[in-house]
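Structure, as structure tokens:
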Amino acid sequence: LTPRPAVALAGCSVLSAELLFSTRDVEPAVESRLLQVGCLARQWVGVLLRAARPWDEWLVDGLVGHLEEVFVRRYFGRNEALYRCVFCGK
């Protein structure tokens, strides 16, 4: 199994030590912040909405994706949100 950098659970989020970054690095800070936001959103939405069946998990995934997009648009700007939408497929 390959270790994941972040895992969101119902009561807590487990983040890898690799997510720590230097204050001089800009790009790792952006990716680290996005992973943290994704974990927090998954934790929050996952507690409020529990999928009745495993194939209903798409609803949680969709809401988490929307909250991540709102965060990117608000804190990184419209250009970053459009870049991620067009070039990263998110």
Side-chain angles (χ1 to χ4, degrees):
L1 291 172
T2 311
R4 292 185 288 179
V7 177
L9 305 171
C12 68
S13 295
V14 180
L15 304 171
S16 171
E18 294 174 358
L19 292 177
L20 299 176
F21 54 88
S22 163
T23 56
R24 291 183 278 170
D25 295 333
V26 175
E27 293 302 319
V30 171
E31 294 304 319
S32 173
R33 194 83 31 94
L34 289 174
L35 279 172
Q36 292 171 13
V37 165
C39 278
L40 183 62
R42 180 164 296 286
Q43 185 178 359
W44 186 63
V45 171
V47 168
L48 292 177
L49 295 173
R50 282 189 240 157
R53 296 176 298 268
W55 53 84
D56 291 335
E57 193 67 29
W58 66 269
L59 181 60
V60 174
D61 291 338
L63 289 171
V64 167
H66 174 70
L67 289 174
E68 287 175 341
E69 183 180 344
V70 167
F71 175 82
V72 168
R73 192 175 294 268
R74 173 118 186 213
Y75 290 101
F76 296 131
R78 185 172 183 261
N79 288 338
E80 181 71 19
L82 288 173
Y83 171 79
R84 291 189 172 278
C85 181
V86 172
F87 293 108
C88 297
K90 293 183 178 183

*What's in the same ILVMFWY side-chain cluster as L59, cut-off under 4.5 Å, chained through other members?*
W44, V45, L48, L49, W58, V60, L63, V64, L67
*Basic-acidic side-chain contact under 4.0 Å: D56, R50*: no
*Stepwise side chain to side chain contact (heavy atoms under 4.5 Å, CB included) test for R84 and F76*: CA-CA 11 Å; R84 291 189 172 278; F76 296 131; 5.7 Å; no
*Which distance, rounded to the nearest 0.5 Å, do you find between the CG of L35 and the CD of E68?*
8.5 Å
*Consider only side-chain heavy atoms of I, L, V, M, F, W and Y, link residues closer than 4.5 Å, and tell whether V70 and V72 are in one cluster.*
no
